[in-house]
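Note that the structure is predicted; figures quoted are calculated from it, not measured.
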Amino acid sequence: MKKFTFLMFLIVLFLSTQAQVTITQADVASTLTLGKTVKTYADTLNTNVNIGATGQSSWDFSGHPHQLEFDAESVNPGSSPVSGTFGSANYVTYSQPTFAGVTSNTWVHLGLSGNAYSDLGTYTEAAAAGFTTKTTIQMNPAEVIMQLPLTFGASWSHTGTRDVDVEIVGIPFPQSYTVDVSVTRTVDAWGTLIMPDGRSVNVLRIKIVTELTSNAGGVPSSSTDLSFTFISPDGSSLHVNAVDANQADNGVISANQVSWNYGSGATSVEQLEELANNFVLSQNYPNPFNPTTNIQYSIPKVSHVSLKVYDVLGNEVATLVNEELSSGVYNSKFDASTLSSGIYFYTLTADNFTATKKLMLIK
């Protein structure tokens, strides 16, 4: 009996160790490849969400709604209008989000060096009511977003300021101010998360507690924010901002924003920023699936590409791609919501290459 108990302990230990997630510097650098564009989705309405539990857990955000979406592109750091202010940034993302009818141009300045992935600050230009407002937020010192390699149990803190400078039509705004910041991040959970598109990813959960104190406009204020970030090695991430910082770190909580992106696991046909060396058709993920799944394939040269799905009788049920594509690695989303449960096959034809794989729909 003792031998059996010890054997079971070893098996559980082995499975637990294998299932845990690690995010490396190379993973982060891949998500920031120059020219890569990632779409971000956001639910800006108050909602209740289940954030799971600490330790090994699982989360299901399938079908979660959104009201806002925008693209963020990784651009040359020197292209930022305030590159001189953020000289140590080796990555910059640019986006044009629209909220409440106002579109802004936003540059986020990031640093990736050694074991630190850091936020240096942002610059935003927005035009409304005939006025252009320019806002620069500098992190002093840079705020470490992740300590790499990132693993379950990691914890780190940041103390500093966020220096906010505002200009309206070129005139410095007298209410520019400084916010004192104290942030504690703890990787307190790991497991499988189902993204809003139904795709499953292995993630780490980072609990973030942020304390803010300012004297903007001569009015003292302080607040404490609670949020959770779920991050996968492929760059997929989901962020939950709690309404109340006093809420528990498990179970159902009230959130005032849920935002996410799919990293390299794009939900539409999208060329990823890497060069394919061979024709390759990968296994779809997730598999089995309901009702959507993603199919990745590689094209080493300009080719006319056909990607089709068939039932077990050989009848074509969907054409996902039928066009000329340049060299690259692509992802295509297959939505089988109108089909019945069963086994299907998908075939990639490009140049003289043909490959077929099986997928399973379970409803």
Side-chain angles (χ1 to χ4, degrees), residues 27-45 61 64-112 117-128 131-139 142-143 145-146 162-168 195-197 208 210 225 227 229-232 234-241 255-273 331:
D27 292 329
V28 175
S30 177
T31 68
L32 296 170
T33 302
L34 187 64
K36 184 172 184 177
T37 299
V38 174
K39 187 178 292 294
T40 294
Y41 303 83
D43 174 14
T44 58
L45 304 178
F61 285 84
H64 196 95
H66 68 276
Q67 301 80 41
L68 175 68
E69 62 180 76
F70 59 90
D71 292 329
E73 180 184 2
S74 184
V75 298
N76 191 314
S79 67
S80 166
V82 291
S83 57
T85 301
F86 299 99
S88 59
N90 48 12
Y91 293 98
V92 171
T93 63
Y94 168 70
S95 60
Q96 289 184 299
T98 299
F99 185 73
V102 177
T103 299
S104 63
N105 297 285
T106 300
W107 290 262
V108 179
H109 305 81
L110 304 163
L112 180 60
Y117 176 40
S118 305
D119 180 3
L120 281 66
T122 62
Y123 173 72
T124 301
E125 296 179 350
F131 295 98
T132 300
T133 302
K134 301 178 180 180
T135 304
T136 304
I137 303 176
Q138 290 181 261
M139 309 297 192
E143 184 175 327
I145 303 169
M146 283 189 265
R162 296 177 183 174
D163 300 330
V164 184
D165 294 311
V166 182
E167 287 186 11
I168 299 180
M195 297 291 288
D197 71 341
I208 308 168
T210 305
D225 295 332
S227 61
T229 292
F230 303 84
I231 181 73
S232 170
D234 75 354
S236 301
S237 67
L238 186 143
H239 184 80
V240 175
N241 194 72
N256 54 28
Q257 181 168 306
V258 179
S259 58
W260 64 92
N261 70 69
Y262 296 106
S264 297
T267 56
S268 61
V269 177
E270 177 179 341
Q271 183 175 4
L272 304 181
E273 296 300 322
N331 276 302

Could you label the plane-to-plane angle of the Y262 and Y41 rings as parallel, tilted or perpendicular, counting under 30° as parallel and over 60° as perpendicular? perpendicular
Which heavy-atom pair separates G78 from S83 by the least distance, and what is that distance? O-OG, 3.9 Å
Nearest non-hydrogen partners of N261 and G235, listed with the distance: OD1-O, 3.2 Å
Flag side-chain contact, heavy atom, 4.5 Å: K36 against E73: no
Are any side-chain N or O atoms of S30 and backbone N or O atoms of D27, one a donor and one an acceptor, separated by less than 3.5 Å? no
Just wondering, do Y123 and T85 contact through their side chains at under 4.5 Å, heavy atoms? no
If only atom types and distance count, is the side chain of E167 paired as donor or acceptor with the main-chain N or O of K134 below 3.5 Å? no
Is P196 close to H66 at the side-chain level, that is, under 4.5 Å between some pair of heavy atoms? no
If we ignore hydrogens and angles and just use 3.5 Å, is the side chain of S80 paired with the main-chain N or O of P77 as donor and acceptor? no
Run the side chain to side chain contact (heavy atoms under 4.5 Å, CB included) test on S227 and T210 for me, step by step, so that the C-alpha distance in whole Å, both residues' side-chain angles and the decisive distance to 0.1 Å come before the verdict. CA-CA 8 Å; S227 61; T210 305; 5.5 Å; no
CG (N241) and CG (N256) are apart, to the nearest 0.5 Å, by 4.5 Å
Rounding to 0.5 Å, atoms CG (D71) and OG1 (T37) come to a distance of 6.0 Å
For the side chain of H239 and the backbone of S259, is there at least one donor-acceptor N/O pair under 3.5 Å apart? no
With the side chain counted from C-beta on, respond yes when T229 and I208 share a heavy-atom pair under 4.5 Å apart, and no when they do not. yes
Side-chain contact, heavy-atom cut-off 4.5 Å: L32 with Y117? yes
What distance separates D197 CG from H64 NE2, expressed to the nearest 0.5 Å? 13.5 Å
Provide the closest heavy-atom pair for L34 versus N76 in the form atom of the first, atom of the second, distance. CD1-N, 3.3 Å
How far does OG1 of T106 sit from CD of Q96, to the nearest 0.5 angstrom? 9.0 Å
Hey, are the side chains of E143 and R162 touching, using non-hydrogen atoms and a 4.5 Å cut-off? yes
Among L110, V75, V108, find the one that has a side-chain contact (heavy atoms from CB on, under 4.5 Å) with V92. V75
Testing the basics here: between S88 and L120, what is the closest heavy-atom pair and its distance to 0.1 Å? OG-CD2, 3.0 Å
Q257 and D43: side-chain donor and acceptor closer than 3.5 Å? no
So do H109 and V82 actually touch side chain to side chain, heavy atoms under 4.5 Å? yes
Nearest-0.5 Å distance, OG1 of residue T103 to CZ of residue F70: 12.0 Å
Sub-3.5 Å donor-acceptor pair from the side chain of D163 to the main-chain atoms of Q138, do we have one? no
Smallest heavy-atom separation, V102 atom then A126 atom, equals CG1-CB, 4.3 Å
May I ask you to test the W107-N105 pair for a side-chain heavy-atom distance under 4.5 Å? yes
What's the spacing between S237 OG and M195 CE if we round to 0.5 Å? 6.5 Å
